Amino acid sequence: MSEQLDHNEIERLTSLKNRERMQIPRQPMPEQEPDVRRTNFQEVPYGLSAMAAVIEANRCIQCKKPTCVLGCPVGVAIPDFVSRIAEGDFEGAIRTIKETNMLPAICGRVCPQEAQCESQCVLAKKGQAVAIGRLERFAADWEREHKLTEVPPVGPDTGKSVGVVGCGPAGLTVAIDLRRAGHAVTIYEALHAPGGVLAYGIPEFRLPKDIVNAEVDVVKQMGVDIKYNYIIGQLETLDELLERHNAVFLGTGAGLPWFMDLPGENLCGVYSANEYLTRCNLMKAYEFPCCDTPVAASDRVAVVGGGNVAMDVARTAARLGAEEVYLIYRRSEAEMPARAEEVHHAKEEGIIFKLLHNPVRYVGDDQGRVRQVECIQMELGEPDASGRRRPVPVAGSEYTIDVDTVVVAIGNGPNPLVPRTTENLAVDPKRGTVKTNLQTMRTSKPGVFAGGDIAIGAATVILAMGHGRQAARSINHYLASGIWEIDELPVPCSGDGTG
Ligand code: FAD
């Protein structure tokens, strides 16, 4: 990171014509070799070097109408920060990013850029998009490693206070923007650590917890008070919070695991992805017995699902020492919801993909421990409501795989505790999400706003952050006007602190 910059080369690069820029190949990201990383929990990619970042940034042709920005739910000024990296001005780059995104080291690592900003890059249509995510990560890491992290200014005290339930990306983002506007903010978090899924779900080898903690530290330095081990709906109700605060934001996420209701799901050794990952990430089971919480030592693990969560579980199981890790997914690779990069990494690490297969039951021994998973082969039929071709079982194709651990990673529903313990908070009866106007982020209950996975179901970090920003604008408007019944927010005026 502290490598010297070649200023002559920077001068040459910045004076290139657009057609020459478009000839520069996308810069590769160095990473740990698969057989090495399968034995450790350290981060897989090392990040771009300073000169590689400069070269990558010089691939950007600075479009007059930058569509990449439209692809970013928090509206990061992408061409501006990229052009600063192109000139070697890394401090300017991170300042630009942080005007709209205070969690850039996190987003640079976990955002599905290929489906968001990078998918809109003009270069993507002609070949490979500018590596916007890698550049964002570079700028954030450069700032942290050079100890240049700045705490954003906080507005004059408004005398208003807001309670935020949940310390995931939605809660953190709304808290930052409300503090910027000068309100007092308290976050109530059920767990003993901040970050939500960033802390308990996404593994260390994809998102080191030091990085989450460093970004949360800035939030604390802004004066946001975080109360841990504080479960709203048990310790206190939402209505009690409303007595203490002028408004409340609900960002409780989607942490309720789904199961398939198969015979044998209650056997020992059958985990939900949430439990398995929480034990490993938040409780650091991979350091057991140095840490208190163990996780089953397994030789043969079956992971059911095809999303990012399933990839995280499979790759975690491999690192915990399992000889064989099967990923059982009922559709084909083309329909897999996981990011292409995660699938690629999982395959490199030796995960065995059982595509177009589905479990039908789990078989246990006389001690009640899981010993086998019975699967059936599937074939793709007509498209279903999701637009993907429906997987149909192939009669008579059942077979078994010997396993000692099964992890079910087929999805999560919204956390039901707060809705169940709160009157007049409307919930979608089918999906369990809190009904939220996605323009104003207002719920059915006056004074209560919501966003992130609790409002739309399991989604992405950056969408949760986008909701947090939008909710902060709406809360500012509500606190200033006292008016609850609105359908849309006025256009932001400069200086409302939330962009
Ligand atoms: P969360 O992150 O779930 O945070 C909610 C917080 O609220 C939690 O800390 C929880 O403890 C707390 N809480 C819940 N109930 C209460 C209560 N009653 N009282 C107090 N606190 C409460 N997205 C990506 O963009 N990229 C990825 O690579 C990616 N990988 C993922 C991997 C895994 C394993 C999982 C599970 C999800 C992944 N996601 C990914 C999805 C992403 O993490 C979520 O969409 C995002 O974290 C949602 O943010 P949130 O703030 O709404 O909720």
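Keep in mind that what you see is a predicted model, and the values were worked out from it rather than measured. Positions are given from 1 along the sequence. Whatever order the structure lists ligands and atoms in, that order sets their numbers, starting from 1.
Residue-to-ligand polar distances keep Arg339 apart from ligand 1: every N/O pair is separated by 3.5 Å or more. For ligand 1, one of its N or O atoms has an N or O atom of Ile232 under 3.5 Å away. When only interatomic distances are considered, the shortest N/O to N/O separation between Thr460 and ligand 1 falls below 3.5 Å. Between Ile462 and ligand 1, a contact under 3.5 Å exists for no N or O pair.
Close approach of ligand 1 to Leu191 (heavy-atom distance below 4.0 Å) involves ligand atoms 11 (O). Residue contact check: Gly452 has heavy atoms under 4.0 Å from atoms 52 (O) of ligand 1. Each of the following atoms of ligand 1 lies closer than 4.0 Å to a heavy atom of Ile231: 18 (N), 19 (N). If you number the atoms of ligand 1 from 1 as listed, the ones under 4.0 Å from a heavy atom of Asp312 come out as 32 (C), 33 (C), 34 (C). Listed by number with element, the atoms of ligand 1 under 4.0 Å from a non-hydrogen atom of Gly196 are 2 (O), 4 (O), 8 (C), 9 (O). Against a heavy-atom cut-off of under 4.0 Å, Tyr230 is close to the following atoms of ligand 1: 19 (N), 20 (C). Interface of Ile202 with ligand 1, defined as ligand atoms under 4.0 Å from a residue heavy atom, comprises 29 (C), 30 (N), 31 (C), 32 (C).
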Go through the steps to decide whether Glu265 and Phe259 satisfy the test side-chain contact (heavy atoms from CB on, under 4.5 Å), and finish with yes or no. CA-CA 8 Å; Glu265 255 173 5; Phe259 283 92; 3.4 Å; yes
Would Val434 and Leu250 satisfy side-chain contact (heavy atoms from CB on, under 4.5 Å), going step by step from the backbone distance to the final call? CA-CA 9 Å; Val434 168; Leu250 202 54; 4.1 Å; yes
Take Val74 and Ile462, measure what side-chain contact (heavy atoms from CB on, under 4.5 Å) needs, and give me the verdict at the end. CA-CA 7 Å; Val74 297; Ile462 197 74; 3.8 Å; yes
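When the heavy-atom distances from atom 15 (N) of ligand 1 to Thr252, Ile454, Leu198 are ranked, the shortest goes to Thr252. The option with the heavy atom closest to atom 34 (C) of ligand 1, from among Leu172, Val165, Leu277, Leu282, is Leu277. Selection from Ala310, Gly307, Gly251, Pro169 by nearest heavy atom to atom 5 (C) of ligand 1 gives Gly251. When the heavy atoms of Gly255, Ala170, Ala115 are ranked by distance to atom 51 (O) of ligand 1, first place goes to Ala170. Nearest residue to atom 39 (N) of ligand 1 from Gly201, Ala459, Ala464 is Ala459 (criterion: closest heavy atom).
Assignment of Pro112 to the shell around ligand 1 is supported, since a heavy atom sits closer than 4.0 Å.
For the 3.5 Å distance criterion, the side chains of Arg442 and Ser474 qualify, holding a donor opposite an acceptor. A side-chain N or O of Asn40 and one of Gln32 form a donor-acceptor pair less than 3.5 Å apart. Side chains of Ser272 and Glu275: a donor-acceptor N/O pair is absent below 3.5 angstrom, by distance only. Judged purely by distance below 3.5 Å, without hydrogens or angles, the side chains of His345 and Glu349 never pair a donor atom with an acceptor atom. Side-chain polar atoms of Asn101 and Glu136 form a donor-acceptor pair below 3.5 angstrom. Checked by atom type, the side-chain pair Asn246/His183 shows no donor-acceptor distance below 3.5 Å.
Given atom 21 (N) of ligand 1, the protein heavy atom at minimum distance is Ala190 N, 3.1 Å. Among all protein heavy atoms, the one lying closest to atom 7 (O) of ligand 1 is Gly166 CA, 3.2 Å. Regarding atom 2 (O) of ligand 1, its nearest protein heavy-atom neighbour is Val197 N, 3.0 Å. Closest protein heavy atom to atom 25 (O) of ligand 1: Val461 N, 3.0 Å. Remark: minimum distance from atom 44 (C) of ligand 1 to any protein heavy atom is reached at Asp453 OD2, 3.3 Å. Closest protein heavy atom to atom 53 (O) of ligand 1: Gly253 CA, 3.4 Å. The shortest contact between atom 4 (O) of ligand 1 and any protein heavy atom is with Gly168 CA, 3.5 Å. From the protein, the heavy atom lying nearest to atom 12 (C) of ligand 1 is Glu189 OE1, 3.4 Å.
For the pair Arg319 and Tyr286, the cation-pi test (distance below 6.0 Å, angle within 45°) is failed. For the pair Lys354 and Tyr329, the cation-pi criterion (under 6.0 Å, within 45° of the ring axis) is not fulfilled.
Atoms CG and CZ, from Leu327 and Arg315 in turn, are 12.0 Å apart once rounded to the nearest 0.5 Å.
Of the heavy atoms in Leu463, none comes closer than 4.0 Å to ligand 1. With a 4.0 Å cut-off on non-hydrogen atoms, Arg206 touches ligand 1 through its side chain and not its backbone. Counting heavy atoms under 4.0 Å from ligand 1, residue Pro194 does not touch it at all. Counting heavy atoms under 4.0 Å from ligand 1, residue Asn415 touches it through the side chain alone.
A heavy-atom distance below 4.5 Å is not found between the side chains of Asp312 and Val309.
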